[in-house]
Amino acid sequence: TLKNDWYLDEIAHFGPADLFPGARDALAQCRAAGLGIALASASRNAPLLIARMEVADLFDAIIDPATLAAGKPAPDIFLAAAHA
């Protein structure tokens, strides 16, 4: 869709500087504490955005609707993230 094309154009310019202050450190501290980290996102663009911000390596799993049989409002995305 046109809206998604505009969104993709915008996130093409994203990088590590677009993370919220302290986000990388918070994720790294969770990893250092031995916690598993999964991202459950309703956006099919989440993997791309996470990669652009260079934090994909800090997640054990990134779950988006493309990997699921049922999207919102089904709890599948959260169950998949917890399982991962």
Side-chain angles (χ1 to χ4, degrees):
T1 67
L2 186 57
K3 177 185 163 195
N4 195 56
D5 290 343
W6 288 337
Y7 181 71
L8 289 174
D9 286 344
E10 286 300 314
I11 65 174
H13 305 288
F14 272 45
D18 294 298
L19 281 170
F20 287 121
R24 176 176 268 290
D25 289 339
L27 290 168
Q29 288 176 16
C30 288
R31 299 277 305 173
L35 299 174
I37 304 172
L39 172 70
S41 176
S43 172
R44 294 179 189 274
N45 297 310
L48 172 63
L49 192 52
I50 296 302
R52 297 280 313 146
M53 291 189 289
E54 298 179 9
V55 291
D57 61 315
L58 297 174
F59 290 90
D60 296 298
I62 298 172
I63 311 298
D64 67 53
T67 63
L68 304 171
K72 289 197 288 186
D76 297 29
I77 196 164
F78 300 109
L79 295 172
H83 183 262

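Residue numbers run from 1 in the order of the sequence given.
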For this session: Would you kindly confirm whether Leu27 and Leu49 end up in one hydrophobic cluster when ILVMFWY residues are joined by side chain heavy atoms under 4.5 Å apart?
Result: yes
Exercise. Between CE of Met53 and CZ of Arg24, what distance do you get to the nearest 0.5 Å?
Worked result: 10.5 Å
Problem set entry | Between CG on residue Asp60 and CG on residue Leu39, distance to nearest 0.5 Å | 11.5 Å
For this session: Taking Asp18 for its side chain and Gly15 for its backbone only, find out whether a donor-acceptor pair lies under 3.5 Å.
Result: yes
Exercise. Linking I/L/V/M/F/W/Y whenever their side-chain heavy atoms sit closer than 4.5 Å, directly or via other members, would Leu79 and Ile63 fall into one cluster?
Worked result: no
Problem set entry | Cluster check Leu8, Ile50: I/L/V/M/F/W/Y, side chain < 4.5 angstrom | yes
For this session: May I ask whether Leu48 and Ile77 are part of the same hydrophobic cluster, defined by side-chain heavy atoms of I, L, V, M, F, W, Y residues being less than 4.5 angstrom apart, directly or through others?
Result: no
Problem set entry | Close side-chain approach of Leu35 and Gln29, heavy atoms under 4.5 Å | no
For this session: Return yes if some donor-acceptor pair links the side-chain N/O of Asp64 with the main-chain N/O of Ser41 below 3.5 Å, else return no.
Result: no
For this session: Write down the atom of Ala84, the atom of Ala61, and the distance for their closest heavy-atom approach.
Result: CB-CB, 3.3 Å
